[in-house]
Amino acid sequence: MEEPHIERMAASPVKKGSLMMRPIHWFRMLGEELHWSLVMGVIVVYGISQGFGVGLVRVSTQYYMKDDQKLQPSEAQLFFGLLQLPWIVKPLWGLLTDTVPVLGYRRRPYFIFAGCLTAMSMLVVSLQPNLSLGYAMLSLMSGSTGMAISDVTIDACVTQNSVTHPSLAGDMQSLCGLSASIGSLVGFSLSGFLVHLVGAKGVFGFLSFPAGLVVMVGILLREGNLQRSVYRGVHEKFLDAGKAMWRTLKCREVWRPCLFMFLSLCVSLHVHEGMFYWYTDAAGGPSFSQEIVGSIFSFGAIGSLSGVLIYQNFLKNHPLRDIVFWSQLLLSLSGLLDLILVLRINLRIGFPDYFFVVIDEAVSRMIGRVKWMPLLVLSSKLCPPGIEGTFFALLMSIDHIGLLISTWLGGLLLHMLNVTRTQFDNLWVALLIRSMVRLLPIALLFLIPRADPNLSVLPAEMLKMKKGDDDQKNNKMASLIEGS
């Protein structure tokens with residue numbers, strides 16, 4: 001019943017004020033509708049912890065694997081894939097935050113625990129000398145676990161509001177995307193400089209500071225204290241949540257887009273470690289310095305940010321299937337830019353390596369973000385009320401499994417083509433294969449609905465069935481949104 005009011009609120013910042021004032025009106029509108037602590041939590045978790053933090057950790061981990069652990073490109077991709085495992089079990093973290101409150105709170109304690117776990121893990125890698133590969137991977141996976149827990153917790157908050165405020169679902173995903181892109185831009189811009197200044201291990205120590213801000217989110221987030229009765233029947237709650245997830249997954253409107261996202265990621269064939277090793281090779285590659293590598297990724301963050309702005313301002317109201325079709329086609333074509341670079345065709349036509357690489361990175365990231373923004377909005381609308389965090393975590397877990405498969409398949413491809421630390425003769429073959437298989441998801445676009453992106457996706461009977469559940473459960477979920 002409040003939806004028309006919300007739509008007017010969402011539309012008003014677009015009509016009022018100058019172009020410079022529109023972002024201010026937009027943030028003010030989100031703060032009024034969703035509470036400032038949620039907006040702050042999104043900025044801290046997505047922007048600082050995941051955006052800025054992941055910007056630093058990606059470059060530092062790549063140099064750590066290459067220079068400290070002396071791994072081959074295919075081996076590095078294998079271990080990078082292992083870092084995805086905590087994200088694959090996101091439904092477990094979602095179940096915990098949805099069904100197991102701690103000290104009367106469902107979200108705040110998990111933010112605090114996640115921040116502490118990440119901070120301690122990064123400090124172990126930074127301060128422990130001569131750390132073996134096994135212990136280093138254990139520490140990095142623990143840090144990844146902390147990030148995954150904070151991610152699923154803020155996702156639960158966002159998806160709750162996507163269900164109660166469907167007209168703001170696109171705005172909330174845009175806020176998440178903007179925060180992550182701006183944070184990544186700053187993180188990647190500083191990453192190469194920091195790796196050069198203090199080394200990869202020193203950067204890991206610095207990453208304990210963003211984790212501390214996640215702890216602050218857990219302290220400041222507005223959340224009502226739940227009754228003691230919520231601790232009873234945790235086992236039944238797990239079973240009920242599992243049944244609700246299975247019931248939702250069997251819905252045709254849900255499993256079809258889930259299948260598309262999974263298969264689309266599986267065939268993306270990541271060969272990023274092969275390209276990274278080639279970037280830094282003095283004989284066959286351009287021999288980029290640490291600062292140059294960081295700046296390249298920062299241009300990728302600019303491209304990602306541009307993708308969010310393009311979606312928010314021009315594509316938000318377009319059919320999902322049309323956006324994904326064109327972005328998937330352009331993503332396949334953009335992969336050929338890497339092929340031109342590795343074959344050194346750019347030098348023959350007068351384009352310097354660095355200039356060509358930053359264009360390649362920015363364009364590829366922009367297209368990738370444009371493709372995934374509508375899919376993220378769709379994912380948030382597939383979550384049934386009451387288990388928003390758990391089900392959104394399940395959807396993201398499915399995506400991470402697809403990402404893990406693509407990373408390991410890419411590593412296997414590099415191994416089969418004998419792409420090593422110093423041998424890159426067949427790297428162009430891997431890039432050509434990657435571009436070709438990226439066309440395959442276009443044949444699966446029929447799995448994505450053509451529905452209005454501003455409307456709910458779940459069937460009305462599923463929403464009514466959930467609304468007819470125990471009133472006590474509904475009151476508990478309402479307390480999460482309205483606060484104390």
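When reading the values below, keep in mind they use all heavy atoms of this one structure, side chains included, and skip hydrogens, waters and symmetry mates.
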Go through the steps to decide whether Y46 and L175 satisfy the test side chain to side chain contact (heavy atoms under 4.5 Å, CB included), and finish with yes or no.
-> CA-CA 9 Å; Y46 277 110; L175 176 63; over 6 Å; no
Minimum side-chain heavy-atom gap V203-V59 below 4.5 Å | no
Output the distance between atom CD (E273) and atom CD (E75), rounded to the nearest 0.5 Å.
-> 11.5 Å
Can you tell me how far CG of L78 sits from CG of L83, rounded to the nearest 0.5 angstrom?
-> 10.0 Å
Taking it one step at a time, do L140 and F204 satisfy side chain to side chain contact (heavy atoms under 4.5 Å, CB included)?
-> CA-CA 10 Å; L140 291 174; F204 287 133; 3.9 Å; yes
Only residue of D68, V195, L131 satisfying side chain to side chain contact (heavy atoms under 4.5 Å, CB included) with K201 is D68
Would you indicate whether the side-chain heavy atoms of W408 and Q77 approach each other to under 4.5 Å?
-> no
So, S144 side chain and M141 main chain: donor-acceptor pair closer than 3.5 Å or not?
-> no
For the residue pair L96 and Y110, what are the closest heavy atoms and their distance?
-> O-OH, 3.1 Å
Within the side chain of S332, is there an N or O that forms a donor-acceptor pair under 3.5 Å with the backbone of Q328?
-> no
Please say whether more than 12 non-hydrogen atoms of neighbouring residues, nucleotides or ligands are located less than 6.0 Å from CH2 in W326.
-> no
Residues L56 and S191: closest non-hydrogen pair is CD2-CA, 3.7 Å
Nearest heavy-atom neighbours spanning R321 and L445 | NE-O, 3.3 Å
If you round to the nearest 0.5 Å, how far is CD of E361 from CG of L337?
-> 11.0 Å
If we only count heavy atoms from C-beta on, is the F111 to V215 side-chain gap below 4.5 Å?
-> no
Would you check if L427 and L414 make a side-chain contact, meaning some heavy-atom pair closer than 4.5 Å?
-> yes
Would you confirm whether R434, through its side chain, and G335, through its main-chain N or O, come within 3.5 Å as a donor-acceptor pair?
-> yes
How many angstroms lie between atom CG of L432 and atom CG of D338, to the nearest 0.5 angstrom?
-> 12.0 Å
Quick one: does T118's side chain have a donor or acceptor within less than 3.5 Å of a partner on G115's backbone?
-> no
Hey, does the side chain of R421 reach the backbone of L71 with a donor-acceptor pair shorter than 3.5 angstrom?
-> yes
Would you mind telling me which of I323, V324, D399 makes a side chain to side chain contact (heavy atoms under 4.5 Å, CB included) with L375?
-> V324
Indicate yes or no: does R344 engage D353 in a salt bridge with an N to O separation below 4.0 Å.
-> yes
Do the side chains of F325 and I448 get nearer than 4.5 Å, heavy atoms only?
-> no
How far apart are the C-alpha atoms of F209 and F52, what are their side-chain angles, what is the distance that settles it, and do they pass the side chain to side chain contact (heavy atoms under 4.5 Å, CB included) test?
-> CA-CA 11 Å; F209 292 101; F52 177 75; over 6 Å; no
Side-chain heavy atoms of Q72 within contact of Q423, under 4.5 Å = no
Taking all heavy atoms of R369 and all of S304, pick out the closest pair and write down the distance.
-> NE-OG, 3.0 Å
N/O donor-acceptor pair under 3.5 Å between S126 side chain and M122 backbone | no
Over 12 non-hydrogen atoms of neighbours within 6.0 angstrom of OH in Y279 = yes
Looking only at heavy atoms, which two atoms of P374 and L320 are closest? And how far apart?
-> CB-CD2, 3.3 Å
Do the ring planes of F351 and F355 sit parallel (below 30°), tilted (30 to 60°) or perpendicular (above 60°)?
-> parallel
Name all residues meeting the side chain to side chain donor-acceptor pair (under 3.5 Å) criterion together with Y277; count only those two or more places apart in sequence or in a different chain, and write none if there are none.
-> none
Quick check: does any side chain N or O of R438 sit under 3.5 Å from a backbone N or O of L269, one acting as donor and the other as acceptor?
-> no
Under 30°, 30 to 60°, or over 60°: which ring-plane class applies to W87 and H400, parallel, tilted or perpendicular?
-> tilted
Passes side chain to side chain contact (heavy atoms under 4.5 Å, CB included), L265 versus L404? Steps please.
-> CA-CA 9 Å; L265 282 169; L404 173 63; over 6 Å; no
If only atom types and distance count, is the side chain of E291 paired as donor or acceptor with the main-chain N or O of F193 below 3.5 Å?
-> no
More than 12 heavy atoms of other residues, nucleotides or ligands under 6.0 Å from NE2 of H272: is that the case?
-> yes
Any donor-acceptor pair under 3.5 Å from D360 side chain to F356 backbone | no
Distance (rounded to the nearest 0.5 Å) between I433 CD1 and L413 CG | 5.0 Å
To the nearest 0.5 Å, tell me how far I302 CD1 sits from S184 OG.
-> 11.5 Å
Got V267 and P441 here, is their nearest side-chain heavy-atom distance under 4.5 Å?
-> yes
Side chains of M261 and S379: closer than 4.5 Å at any heavy-atom pair?
-> yes
Hey, is the main chain of P86 close enough, under 3.5 Å, to the side chain of W93 for a donor-acceptor pair?
-> yes
Which atom names give the shortest non-hydrogen contact between V89 and S397, and what distance separates them?
-> N-OG, 4.3 Å
Identify, with sequence neighbours excluded, every residue that meets side-chain contact (heavy atoms from CB on, under 4.5 Å) alongside V293.
-> Y63, F276, T280, F288, F297
List in chain and number order the residues that pass salt bridge (charged side-chain N to carboxylate O under 4.0 Å, His left out) with D151, two or more places apart in sequence or in another chain; answer none if no residue qualifies.
-> K90
